[in-house]
Amino acid sequence: MKHIIIVLIGFGLSFCDRKDKEVIHDFSEVDIKVIYEDSISIRAIDIYHDTLLGFGFDRGYGFINLKTNKRELSFFEEMKIDHDIENWIAQQRAVCFANTSFYTLGIGSPARLRKVDLRTREEKIVYTERHKDVFYDAIAFWNPAEGIAIGDPTGNCLSIIITRDGGESWQKISCNDLPKTIKGEAAFAASNGNIAIVGDHTWIVSGGQKSRVFYSPDKGERWSVFETPIVQGTSTAGAYSIHFYNKDNGVIYGGDYTKPDDNKANKAITTNGGKTWKLVSNGDGPGYKSCVRYVPESGGKEMISTGFTGISVSNDAGQHWKELSTESFYTLRFINDSVAIAAGKGKIAKLFFK
């Protein structure tokens with residue numbers, strides 16, 4: 001949604017099967033090490049082989065070497081946004097690594113999806129869309145050849161574009177082949193958190209006047225939609241982030257960013273692949289958050305949520321939560337089962353959970 005200022009990572013976790021190994025972490029603390037600071041607002045991050053961080057921000061996109069914590073390259077940072085320039089770049093709130101390429105998708109019209117070669121750092125625009133209502137929110141890949149990006153409706157359905165050729169071309173799905181949205185239903189550009197992928201299964205979460213889960217069992221060929229009990233009915237309320245531990249167990253988290261302390265009907269879980277959702281920690285625990293992620297190898301019991309309100313952990317599948325820090329971050333992705341990268345306004349940090 002256009003008024004939201006929030007924000008990706010972990011492409012490897014997007015389409016790799018999750019291990020059956022289960023570890024009890026029982027996290028109760030977090031150490032925060034800032035690795036990058038600048039006067040930018042970082043909306044989206046992704047990690048490539050645990051060594052390279054790609055990030056999108058309000059003036060472009062860039063990369064950080066996670067071995068040295070040094071910025072390798074940043075594009076368009078000082079470029080004046082000029083709509084008369086064919087290649088002008090808008091805010092980047094969706095980024096993703098796939099194979100040997102980096103994808104970064106801008107909001108607003110014309111929305112441009114860029115494919116960047118990681119070896120040469122050369123970029124090309126592989127998709128452009130012009131419409132007064134265009135606003136893309138998230139991107140993810142099923143495998144190195146097939147990916148999906150989603151955005152707000154330009155008609156009576158969510159905007160969904162798909163590639164089947166390694167990101168070289170993207171096609172928009174017709175509203176005739178998608179569940180219809182209602183007026184005021186869209187998606188929040190929050191942490192690239194609108195899409196969850198496990199194998200061929202895909203879930204997309206909406207918010208606003210309606211907050212629902214759109215589901216495809218076959219990499220975007222067929223779609224259905226499920227209701228959720230998450231707070232909804234206004235332009236700022238709903239689910240901001242969705243994540244699945246496996247094809248059955250998932251979590252949605254959100255709230256209303258204009259009422260950050262309200263913790264009623266802002267988190268829910270499913271145990272049947274998203275068909276039904278049950279509120280957890282209702283009226284208890286953290287309020288609004290923009291990002292939620294399962295802790296890897298936790299058996300689906302442990303999850304971390306973050307937002308401008310701070311960082312919280314649940315060690316029992318969302319039933320109870322503990323605040324670990326009040327430090328603000330918009331988005332978070334795990335490197336392994338105890339270390340994550342988080343980003344937000346003016347900073348990127350490594351988080352060490354213990």
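Positions are given from 1, in the same order as the sequence printed here.
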request  = Begin from the C-alpha positions of Asp316 and Lys301 and carry the test salt bridge (Lys or Arg N to Asp or Glu O under 4.0 Å) through to its verdict.
outcome  = CA-CA 5 Å; Asp316 57 3; Lys301 295 181 177 64; over 6 Å; no
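For Asp117, the salt bridge (Lys or Arg N to Asp or Glu O under 4.0 Å) partners two or more places apart in sequence, or in a different chain, are Arg119. For Tyr103, the ring pair (Phe, Tyr, Trp, His ring centres under 6.0 Å) partners two or more places apart in sequence, or in a different chain, are Phe141. Take Asp26 and apply the salt bridge (Lys or Arg N to Asp or Glu O under 4.0 Å) test, not counting sequence neighbours, and it matches no residue. The salt bridge (Lys or Arg N to Asp or Glu O under 4.0 Å) search around Lys180 returns none, not counting sequence neighbours. When the side-chain contact (heavy atoms from CB on, under 4.5 Å) test is applied to Thr154, the partners found at least two apart in sequence or on another chain are Glu129, His131, Asp133, Val134, Ser159, Lys172. Here Val280 pairs with Lys267, Ile269, Gln319 under the side-chain contact (heavy atoms from CB on, under 4.5 Å) rule; sequence neighbours left out. Partners of Arg164 according to the salt bridge (Lys or Arg N to Asp or Glu O under 4.0 Å) rule, which considers only residues two or more places apart in sequence or in another chain, are Glu146, Glu221.
Ring geometry, His243 versus Tyr294: the interplanar angle falls from 30° to 60°, so the pair is classed tilted. Ring geometry, Phe63 versus Tyr61: the interplanar angle exceeds 60°, so the pair is classed perpendicular (tilted spans 30 to 60°). The aromatic rings of Phe244 and Trp277 sit perpendicular, their planes meeting at an angle over 60°, well past the 30° parallel limit.
Note on residues 272-285: no pairs pass salt bridge (Lys or Arg N to Asp or Glu O under 4.0 Å), not counting sequence neighbours. Sorted by first then second residue, the disulfide (SG to SG under 2.5 Å) pairs that include residues 102-179, not counting sequence neighbours, are Cys157-Cys175. Among pairs with a residue in residues 306-354, none fulfils disulfide (SG to SG under 2.5 Å), at least two apart in sequence or across chains. The list of salt bridge (Lys or Arg N to Asp or Glu O under 4.0 Å) pairs with a residue in residues 190-206, not counting sequence neighbours, is empty.
Summarising the local packing, NZ of Lys350 is surrounded by more than 12 heavy atoms from other residues, nucleotides or ligands at distances under 6.0 Å.
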Quiz: residues 224-231 side-chain donor-acceptor pairs under 3.5 angstrom, not counting sequence neighbours:
| residue | atom | partner | partner atom | Å |
| --- | --- | --- | --- | --- |
| Glu227 | OE1 | Lys210 | NZ | 2.8 |
| Thr228 | OG1 | Ser211 | O | 2.6 |
| Thr228 | OG1 | Ile230 | N | 3.4 |

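There is no side-chain donor-acceptor pair under 3.5 Å between Tyr127 and Arg112. A donor-acceptor contact under 3.5 angstrom links the side chains of Thr104 and Gln92, judged on distance only.
When atom types are taken as modelled, the side chain of Tyr288 and the backbone of Tyr253 share no donor-acceptor pair closer than 3.5 angstrom.
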